[in-house]
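Within every chain, numbering begins at 1; the chains are lettered A, B, ... in the order of the sequence lines, protein sequences first and strands thereafter. No experiment lies behind these values; they were computed from the predicted model shown.
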Amino acid sequence: MLAFIVRRVIAAFGILLAGTFIAYVLVALSGDPLAQLRQSNEPGIEDRIANMTERLDLDTPVPLRYLKWLGGAAQCVVPFVGTCDLGQSVRGQDVSALLADAMVATLQLITVATVTAVIIGVLVGIVTALRQYTRLDYSATFASFVFVSLPIFWFAVLLKQYIAIDLNDWLADPTVSLPAAAIVGVISGLIWGSIVGGDRRRVLTSFAVAFVATGGALLLLSASGWFRSPGLGPVVVGVVGVAAAVGLTAVVAGFRYRNVLYAALATAGAGIVANLAFDPLLTDPTWGTLFLLLLLAVAVAVGIGYAIGGLQRRQAISTSVWVAVIMAFTITADRMLTAWDNYYEFVGGRVVATFGARTPNYDGGTWGNLLDTVTHLALPTLALMLVSLATYSRYTRASMLEVMNQDYVRTARSKGLTDRTVIVRHALRNGLIPVTTLVAFDLAGLIGGAVITETVFGWQGMGFMFVEALRNTDPNPAMAFFLVTGIVAVLFNMLADIAYAYLDPRIRLG
Amino acid sequence: MTSKRKGATLFAVLTAGALALTACGGDDGGGSEEPGANRTEEPTEEEGTQSGTITVAVDSEYTAYNDLTAEGNGTWNTYVHNGAKLNFWSYGADGSIVREEEFGTYEKTSDDPLTVEYTYSDKAVWSDGEPIDCDDFLLEWAAMSGKMVDGSGEDIFDQSSTNGYELVQKPECQPGDKTITVVYEQPYIDWELIFQGGAIPAHIAAEQGGLTSEELITAIAEDDIAALKPVAKFWNTGWQFNPGELPPPEMIPSSGPYLIDSWDAGQSLTLKANPNFYGTPPKTETIVLRLLDPAQQVAALQNGEVDIINPGNPTPDVAAQLEQLAQQGQITTESGESLTWSHIDMQQGKGDVFEPLEIRQAFAKCIPRQLIVDNLVKPANPEAIVLDMREFFPVDPMYDQAREQAFPADMYGEQDLDGARQLIQQSGVQTPIDVRLMHADDPVRNQLSALVKSECDKVGFNIKDFTPPDWGARLTGQPGSYDATMFAWAGSGVLAAGESLYVSDGAQNPYGYANQEVDKLWDQIVTSTDREAAKQLIAEMEGLLWEDVFNIPLYVNANINAFASDLEGVKVNATQTGVTFNMDEWSRSS
């Protein structure tokens, strides 16, 4: 393994060297950083042209300039030297500082999008694989093709119009009219009807139930003024906790032995109690406090699983921990919504933002600021997530179908194992191996900046920095972008290979 | 199974088709989707708070407090300093010079030698209470004059340009003096646009360089380069910032109505009313500049996240979208012009394609200038007209008079293909005449070039598009590589700016154009000290340029502002100082 890594790292250096050289030459030849100045006929413009020529070293031939740049950039890659020199932008800013800001912004943007896309995508993939050629499968296939083929710039405009501008307009007077509730009810009915599937009667029943439940809930929430000041409250938190406990148990352990279920339910109970008990602490906590509380919740869950789990101790512990984590997120969402009124007032009712990362000068405490971040992240995350979610679900589905048809799965079934055990224990693990590779590549691509998404949503990340650099014919930021994306691509390729070997014992690196 | 698959495929194709259709309709449908009629009734951003906030979108981020350095001199900093700095003068919305009497006054006391007396208002102080006076003026001169050179002959200050300042003899003043007299070594037409007065707080630079204000004044008076070096070092780099890294407020005091309050990198910059401001207080307490790509500004305005956008020279799409929103009463738009003017220049030296006057005249006659304006400018500015002048802009009150005097309307007032054909015949030049038309590779220029080609090819030209990425460097660097070129100059109120474009062997005249009368006129213009008289001479010179058909002006870029309907005081600014130029007059009516 070590030899493999060393070999790959050495190869990576060669690749990076060649790649940066080509990129540098291309960038240098792509345009004239002085173009803008040359179009000014203010007196004294020659001074400014001469100055910029000197600052950006434009008189040096490109290959020599590359070597100079490489000398500075190499220090960034060497750890612990701390003198990173990626040159200056045309506006005289230190590119390493620009780069640091851009990377933080990009990571912020892609983390949530990637995590949710992977979780939902894999789930959808598994479910559609298990229900192959059902209405649900067709619907999901259809939806994922729609999302994959959506041009993101156009999708982003739609999101801005409907999820931001129109939703905000509606929030000014949030009432759901009877026809509107009916329409949403029909849509919901169609979705559920296709998910549940079965014969005609079953479909009609699920359609009717979903129609009444959705439409009714909308009217009820509207009448009670929930949309004006939304929140969850301890009851919803409790319901979510219990549902998570039951659901996760069903997937992870099944109900044959009750120990796991009891542990999960006990964790949910502990969560409900903790939510009420820590109320004063949760009013305006620091992020540190929240993190400690999360650790505490996980520790308690482990304890409960250990104590109650009995023979199914391992499953009980992992189920409890997941229940605890889900409850922690629900409680966070619940608390975050307590800041709604304050935030709503500050932004003049324009809750969902179309661009940027923050509302200028808004400080609503931990919860208010979190809500602010969420409303700003909502659109770009949604756009990024839906597009990559579709890919994940397709890959997972294909890979699961392949695995499910293999001999060892048939053997497991004929041995009399339950469906759950066959799928979760035997099929899923192998089915997810190709998806791991996909996630690694995807991450590498995303860290390089979701160029279009970042531009459209005014997110000052890597992609935006790159586009901006191209627009201003600004060689150094463009090169910083290439450097980072190059390193990330090489690194994640290597990580994917290592992960592959780890997950699949048949593969040996070396 | 196969039939099922087929069905799915068909379905997918249908959806894709539907998507494509919606995409096409998106342009008019997207904006018009019932915008919520109640929008106007709902409270706009922070209406309830006493200290109102107005948010304006800008397209690039702040970088430097010192905008006199080579790096800091840029519009992105001007957007902020329009509020945070006040000077003896500023550009009006039409490029004219506005005297800022609240800050100070100036007066020309002699023409020979050109002598100007600057007087700071007694009340003028930096926001930290320090009076704005002698030291600030002297440091500006020292930094900009290029005369503070060290032993090796290197200028210790890294100023953007010494233009104008280098003609000024070292001013003399004592600490605390509010009146300073400057004497020019030779007359200079743009003397009004040289000294700013309130751009840089000398007391801060002195302190950072280890001097007191008094010591700084002495050091400049005595050319004490050793003492000045640390000051210069701070002046060069100390006010240049990495994103979001604003120094403590005492390092960046304000001479204007607003203070730079906070800066969130990549997001926004906040200006707060300056409590120590000595002039008319600004109308709104807080101005926020939010960074946003121009293409995304309309949605942000519609969503109420920004109150003012200035998409500059918008594409017809954006213009139409704004028009629609304005008709629905959601926003107000205001169109006007900028000082950026597009034109076609021709190589006319010995042996060049455009050497014969007739060919240049024919080219000027065949170019569909009215059509170009109708297609490319009018969507954004319905009042746009064909530009017939070079040094006068339609916003200039003198434009009509100068045009009357200089522009041969009977020759070039309208496109005249027959006339062009005749002229080419007269010249005896063989057709087709190959013309390599160099321009930037962007949609507007490509469209323009296509229009020129479709018309001028009819009369005997053969226009060939030439769009190298380094076209800017080729302009003066390789004048032999193109026959004609199309680009825009960014104009300003500086009169002397034109000189290098038109005089023989001028730095920005790589076209082989030489006319001794024009040269003579420019000699008179730049050494004149009377703006009005100089403008008369420029009009005269324009007449000569048209006689020679030196180049062909096309149009000035449109400039459009859009803002929330409840705002007052927002104005279109033709100059490059940006929409924020009068931010102290913005207010919300309620």
Side-chain angles (χ1 to χ4, degrees), chain A residues 29-32 34-35 38-48 51-52 55 91-94 97-98 101 105 133 138 141-142 145-146 149-151 154 157-158 160-161 164-166 168-170 172-173 345-350 352-358 360-361 455-458 460, chain B residues 4 8 11-12 15-16 23 26 30 33 35-36 38-39 42-48 63 70-71 73-74 160-164 240 242-243 264-268 270 288 290-293 296 299-300 302-305 469-470 472-473 475 487-490 492 494 496-498 500-501 507-508:
Chain A
L29 298 180
S30 73
D32 178 11
L34 301 169
R38 287 188 213 275
Q39 285 183 74
S40 163
N41 63 343
E42 261 177 70
I45 201 72
E46 307 85 35
D47 294 348
R48 295 181 56 191
N51 185 295
M52 193 184 286
R55 261 191 313 124
R91 291 176 186 174
Q93 289 179 304
D94 184 12
L98 293 177
D101 284 348
Y133 303 141
Y138 286 129
T141 306
F142 167 70
F145 277 122
V146 170
S149 51
L150 273 181
W154 179 66
V157 172
L158 288 189
K160 281 189 185 186
Q161 184 63 42
I165 296 172
D166 287 353
N168 286 337
D169 286 345
W170 179 74
D173 180 22
E345 199 181 328
F346 190 89
V347 296
R350 314 305 294 181
V352 183
T354 62
F355 78 101
R358 283 176 285 281
N361 306 317
T455 313
V456 175
F457 292 107
Q460 310 282 317
Chain B
K4 266 189 177 177
F11 202 12
T15 340
E33 284 305 324
N38 44 11
R39 191 57 225 291
E42 101 197 20
T44 26
E45 190 162 316
E46 284 117 81
E47 192 184 54
T63 63
E71 293 95 329
N73 183 336
S160 65
S161 159
T162 59
N163 175 64
Q240 171 86 20
N242 283 330
D264 185 0
Q267 304 292 322
S268 61
T270 303
V288 176
R290 289 199 72 176
L291 186 59
L292 181 59
D293 188 69
Q296 313 307 329
Q302 207 186 344
N303 197 30
E305 286 166 273
D470 61 339
L475 275 181
F487 63 100
W489 287 121
S492 62
V494 182
S500 63
L501 266 57
Q508 287 167 319

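Of the residues listed (B:L291, B:L292, B:N303), the one engaging A:F355 in a side chain to side chain contact (heavy atoms under 4.5 Å, CB included) is B:L292, and it is the only one.
Pairing each heavy atom of A:I165 with each of B:A299, the nearest pair is CD1-O, 3.8 Å. Counting all heavy atoms, side chain and backbone alike, B:P243 lies closest to A:Q93 at CD-NE2, 3.8 Å. Residue B:Q508 comes nearest to A:R38 through the heavy atom pair NE2-O, 4.3 Å, listed as atom of the first residue, atom of the second, then distance. When every heavy atom of B:R290 is checked against every heavy atom of A:R358, the shortest pair comes out as NH2-O, 3.0 Å. The shortest non-hydrogen separation linking A:K160 to B:Q296 is NZ-OE1, 2.9 Å.
Of the listed residues B:P469, B:A490, B:A497, the one with more heavy-atom pairs under 4.5 angstrom with chain A than any other is B:A497. Most heavy-atom pairs under 4.5 Å with chain A: of the set B:T162, B:N73, B:L501, this distinction falls to B:N73. Interface check for chain B: of the options A:G458, A:A353, A:A97, A:A164, the most heavy-atom pairs under 4.5 Å are formed by A:A353. Counting heavy-atom pairs closer than 4.5 Å to chain A, the top-ranked of the candidates B:S160, B:G498, B:A300 is B:S160. In terms of heavy-atom pairs under 4.5 Å with chain A, the best-connected choice from B:G164, B:A507, B:A488 is B:A488. Counting heavy-atom pairs closer than 4.5 Å to chain A, the top residue among B:S492, B:A473, B:S268 is B:A473. Across A:L34, A:T141, A:N51, A:L29, the residue that shares the most heavy-atom pairs under 4.5 angstrom with chain B is A:N51. With respect to chain B, the highest number of heavy-atom pairs below 4.5 Å among A:D101, A:V456, A:D32, A:N361 belongs to A:V456. When each of B:D293, B:D470, B:V288, B:L475 is scored by its heavy-atom pairs under 4.5 Å with chain A, the top score falls to B:D293.
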Q: Please assess B:E71 against A:M52 for the test side-chain contact (heavy atoms from CB on, under 4.5 Å), listing each intermediate value before the final yes or no.
A: CA-CA 8 Å; B:E71 293 95 329; A:M52 193 184 286; over 6 Å; no
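No side-chain N or O of B:N163 forms a donor-acceptor pair with one of A:D47 less than 3.5 Å apart. When only modelled atom types and interatomic distance are considered, A:T354 and B:E305 share a side-chain donor-acceptor pair under 3.5 Å.
Both the backbone and the side chain of A:D94 come within contact range of chain B, with heavy atoms under 4.5 Å apart. Only the backbone of A:V352 comes within contact range of chain B, with heavy atoms under 4.5 Å apart. Neither the backbone nor the side chain of A:L158 comes within less than 4.5 Å of any heavy atom in chain B.
In this structure, OG on B:S161 lies 8.5 Å from CZ on A:R48, to the nearest 0.5 angstrom.
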